[in-house]
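Presented below is the structure to which this report refers.
Order of the sequence lines sets the chain letters (A, B, ...), proteins ahead of strands, with each chain counted from 1. The figures here come from the full heavy-atom set of this structure, side chains too, leaving out hydrogens, waters and symmetry mates.
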Amino acid sequence: MDTPAIELRGVARYFGERIALRDLSFTVPAGATLAVLGRNGAGKSTLLRVLATLLRAHAGEVSVLGEPLPRRAFAVRGRLGLLPHEPLLYRDLSGRENLRYHARLYGVGAERVEELLRDVRMERRADEPVRLLSRGMVQRVAVCRAVLHDPEVLLLDEARANLDPGASELVEPLVGRLAGRTRVITSHDPEAALAEADLALGLRDGRPTFTLPADQVTPDLVRELYA
Amino acid sequence: MDTPAIELRGVARYFGERIALRDLSFTVPAGATLAVLGRNGAGKSTLLRVLATLLRAHAGEVSVLGEPLPRRAFAVRGRLGLLPHEPLLYRDLSGRENLRYHARLYGVGAERVEELLRDVRMERRADEPVRLLSRGMVQRVAVCRAVLHDPEVLLLDEARANLDPGASELVEPLVGRLAGRTRVITSHDPEAALAEADLALGLRDGRPTFTLPADQVTPDLVRELYA
Amino acid sequence: MPTYGKGLRGLSILTLVTISAALILVFFYAPLDANQGFIQKIFYIHVPLAIVSLCGFVFGGLLAVMHLRTGDRRYDMRSYVAIHMALIFGVAALISGSIWAKASWGHWWVWDDPTLVSYLIVVLMFATYTPFRFSIEDPERQARYASVFAILGGAFVPLNFVAVRAAQGLVHPRVLTVSGGNLPGPMALTFLISILGIALLYVTLWKYEMAAKNARIQLRALRRRVLGDEDISPLQRTAAPSL
Amino acid sequence: MRTALAVLRKDLLLELRTFETVPAMALFSIAIFVIFHFGVNRPTVDGQLAAGVLTVTLLFAGILGVNRLFVAEREQGGFDAFLLAPVDRSALLLAKASALFLFLVVLEVIAVPAFGILLLGPPLSPTLPAMILVLALADLGIAVIGTLVSALAVQTRSRDVIGPLIGLPLLIPALIATARAIGPLLRPQGPAPLPGKWLLILALYDLVFALVAYAVFDFLLED
Amino acid sequence: MRTALAVLRKDLLLELRTFETVPAMALFSIAIFVIFHFGVNRPTVDGQLAAGVLTVTLLFAGILGVNRLFVAEREQGGFDAFLLAPVDRSALLLAKASALFLFLVVLEVIAVPAFGILLLGPPLSPTLPAMILVLALADLGIAVIGTLVSALAVQTRSRDVIGPLIGLPLLIPALIATARAIGPLLRPQGPAPLPGKWLLILALYDLVFALVAYAVFDFLLED
Ligand code: HEM
Ligand SMILES: Nc1ncnc2c1ncn2[C@@H]1O[C@H](COP(=O)(O)OP(=O)(O)OP(=O)(O)O)[C@@H](O)[C@H]1O
Ligand SMILES: Nc1ncnc2c1ncn2[C@@H]1O[C@H](COP(=O)(O)OP(=O)(O)OP(=O)(O)O)[C@@H](O)[C@H]1O
Ligand SMILES: [Mg+2]
Ligand SMILES: [Mg+2]
């Protein structure tokens, strides 16, 4: 079926008087990857939080997996995974305990937790409090958290930050393109991001500067986006 | 004068039974840059914390700027800057207030704060609570914090994480090679790290796998380091 | 956006009339109290003030409910103003009460009386309403949280009232135990008129404040449209609702 | 329900790991009893005074718990994590209130006997059944109000102050009722029957605020 | 010294940022005393009981203050930042202790008079000088112990959790001494002279722990 996985029309979001997003419109077909590029403060994380039903849009229409937000948010939540800047893990609980907790929230079996821990090679460190883990180990567990319920839509905010090259390969099957999920990714490495994306959205002070197929984004476009 | 800026001999550091660093020996001449590479959990951040006098070495000798640690730690602190994974900023204070506070701790004038804020283009956002800033903006302020007192030795733990390309250029004169500081940097982008380093240290489970001039580090070495 | 100026003049006049009528009744019609004498007349100010302020807090709570139900930020504004006004009336009740207390009990304040103290608690609690708002940046969250606060307070007032009534008051009189029951006729009439007057005063002031706030907001909106929202000064924090 | 259990379980686990809340509460109340015992060189108290001391102590200890209730959620992104999950939001209220309730019960299991030993004149045992009933009602009130207030306070810049600030006044009626209900149980000449009036007020209070809490809680979580 | 000032300044900034402190404390203390009032159901208290109430209030406020002063540091890496600076570590002890001390003083400036009118039977004014002396000593004790103990919780990553809990037991002697010292001042039949014994104990206690704190503080901060 061909309802787009994500569809925005004239979306805007304010924080008080600050405008974090404005007249944003795009569609992401199911299974495709959208790379969101932009300066610090451009509104990337805000956009992801809007798509993740954590923030309401103040204007325009947002629909994810065919469900209009925020009205049908509850119908979307279970089918969508967000990996934000913060790991969203309890520092004093172990990785395993954290994941087990989320597994219960999402109604996922404990074996899935073990499977994921093995995938990211954290099974041997999974019983230490997260606060004792190295930054990249925390990120690995955070990735597990985001894909725990095998979401159809995945929202990745600089997912590979703090991961060593080996680890990025490890998480590839989970959050990578081939996992066959609809993805919205942000990154400060434009080349890498565009390489794994089908569509690209350039944000500048919350306004879209371009919305193109990834392969049509010229280096100039990128350069002036950050200039 | 040619006393090395940093000198380690047979250094080891444990956390309980876990060995985070062991028989680590190297010297970094003044003004040179050492790139520390290794997997997640290899011990990079721990090494930086040892050099920053935040952690004691359990074996071996550490000397920074000719001063043996931890004995003469107080003599070193003012001349050394650390940029760890955490921004070390109070979320409820504004960027300016945070930097002013550190300026007082380091006995630096307030004008230096303004100058730095201008350098990283945060002057217009400097009065908002850090909590409300975007991740990359926080990182910019954190960079200011680390170089506030114009340290001779700079310890950078993935300094450019979360910074957009434009911002990394902005901070170049502050934390970059040309700032003429002795630097120890970590990064998960080996090519980039080696490119801006004179020396390279490969860590694996806390053990050094190689300690070489940066230009002699072959791709194979790197590959097997992460394999 | 509605203008709250509508009907203000008529209302103001009505209020003036009622209050002056009340005053006339108080001074020329209502009989002198047998044992308290003239000072007892403050009863006609004090009690209405106290009761209206309490109702005002509840009113604020109800408006807050509306805000959360409809998601319409203007209700938050209304609730904010309602509580603001109720606070002013509350302080007035405290003052009038203490004057009366000084006259008839000899102290400005009697601490071991549940009515007084609990009322003070209520007033003080709502006195933290504004600082509470102030300590939340995001206007939307501020509005929602303030509404929750207001609802809590609104529910708290009657409960507190019951609990206090149950804990026998020591000195504070209980006329309204069965709402105005044992007041002699003329006193009752005067009392009712003055309550009406104070209530009207409350409503009038509320409407005035709303009108003012509205004007300010529309002005700001215009300014933003003219200047354009490009160079907005960084979020300035305020306790007052901003739409 | 399943959700509430999951969250509750997580909270208890967290408490076991950090050991932050309950021990602090318990030590605090015991400290108070000790202070009264040695400080107020009155070896024993009874009647209304005893009831007052006990209630006030429990209330303060409760407030200490209230302040910590949502800190982890806020500081470590637990809120976002919960809001992302496809679950009913009021489950969080239920879970947190139950957690607080459990903390209070544990606290009392420790504090009340300590009170009996350290401070109380008349024997505790005969009054226990009635006492448990009253305290249960009181805990319910504190748990509900506390959860609500804590959720309110934790998002403000002044968590630690605002929590107690709003919580204490709100809890005064419940406190009055509790103290007055317990008072007769601790009469030197042996327990009198429970004063139904105060029980009723307490129950009413719990009911009203439970309903209010249920009605408004979601709005504290929304974006 | 300069350092201590800088830290103190930062803490006050965080404080003031967070709440209009004074009205908050006014409401806070009034609420507490009203709670005591309704709790013990007495028009007034005096003598040792009054002293006990005052001391307990102080302790409660102290605990809230300690949390306020150290949570931010722990959660947001403020300690690492401080340890990196080329400053004398005991400055932190000094700063935090003074902040806590100030906090308590401000509270008392509001709370004690409120206590005087709300709850206290005998007049407050004649006892004030002596009272101030005792309270100052008590605050000092609480401030020092509070800071010392919270420093145990510094190590963000591998911090030991039991540490902070030993604070309360440590404080109890000081609190008992305080209650005993204040008691005679509040006798219904007018203030008795300060009981030198308890005052001495309090002073001694402060001195000892101040020295201990100064001696061990650096080691607590070491990794
Ligand atoms: C500062 C001192 C006072 C305060 C804060 C105060 C507060 C209040 C409040 C809140 C009410 C309305 C709620 C209620 O009815 O319980 C009220 C009503 C009333 N007050 Fe006062 N009062 C004060 C002093 C006095 C004094 C000195 C007198 C007379 C000796 C007095 C006589 C009354 C009467 C007759 C009512 C009528 C309502 C009723 O029956 O409760 N008040 N007061
Ligand atoms: N809760 C908030 N309150 C006020 N302003 C906010 C809030 N969250 C974000 N902002 C502002 O909205 C803008 C966009 O923030 P956002 O985090 O989306 O940027 P970003 O594109 O993710 O930047 P980065 O690349 O640094 O992560 C920034 O100016 C930020 O300061
Ligand atoms: N305070 C601590 N207590 C116990 N173990 C610790 C502590 N700090 C670090 N470790 C462990 O020491 C090892 C090295 O950690 P470190 O943070 O130095 O890794 P890293 O090289 O920085 O990794 P990353 O690239 O993910 O940042 C890890 O196994 C980590 O779990
Ligand atoms: Mg971002
Ligand atoms: Mg690291």
>> Would you say CZ of R177(B) has more than 12 non-hydrogen atoms from neighbouring residues, nucleotides or ligands within 6.0 angstrom?
In response: yes

> In this structure, are over 12 heavy atoms from other groups packed under 6.0 Å from R204(B) atom CZ?
Replying inline: yes

> So which pairs with a foot in residues 62-79 of chain B pass salt bridge (Lys or Arg N to Asp or Glu O under 4.0 Å), sequence neighbours left out?
Replying inline: E67(B)-R72(B), R79(B)-E152(B)

>> Is there a side-chain contact between L88(B) and L84(E) in this structure, where contact means two heavy atoms from C-beta onward sitting under 4.5 Å apart?
In response: yes

>> Taking the side chain as everything from C-beta on, heavy atoms only, tell me whether L105(B) gets closer than 4.5 Å to K10(E).
In response: no

>> List the residues meeting side chain to side chain contact (heavy atoms under 4.5 Å, CB included) with V66(E), not counting sequence neighbours, and say none if there are none.
In response: F70(E), L100(E), S150(E)

>> Quick check: do V7(E) and Y101(B) have side-chain heavy atoms less than 4.5 Å from each other?
In response: yes

> Using a cut-off of under 4.5 Å for heavy-atom pairs, which of V130(B), L89(B), T53(B) has the most such pairs with chain E?
Replying inline: L89(B)

>> With a sphere of 6.0 Å drawn around OH of Y14(B), does it hold more than 12 non-hydrogen atoms of other residues, nucleotides or ligands?
In response: yes

>> Taking side chain as everything from C-beta outward and backbone as N, CA, C, O, which of these in H149(B) sits under 4.5 Å from a heavy atom of chain E? Side chain, backbone, both or neither.
In response: neither

> Under 4.5 Å between any side-chain heavy atoms of F74(B) and P86(E), yes or no?
Replying inline: no

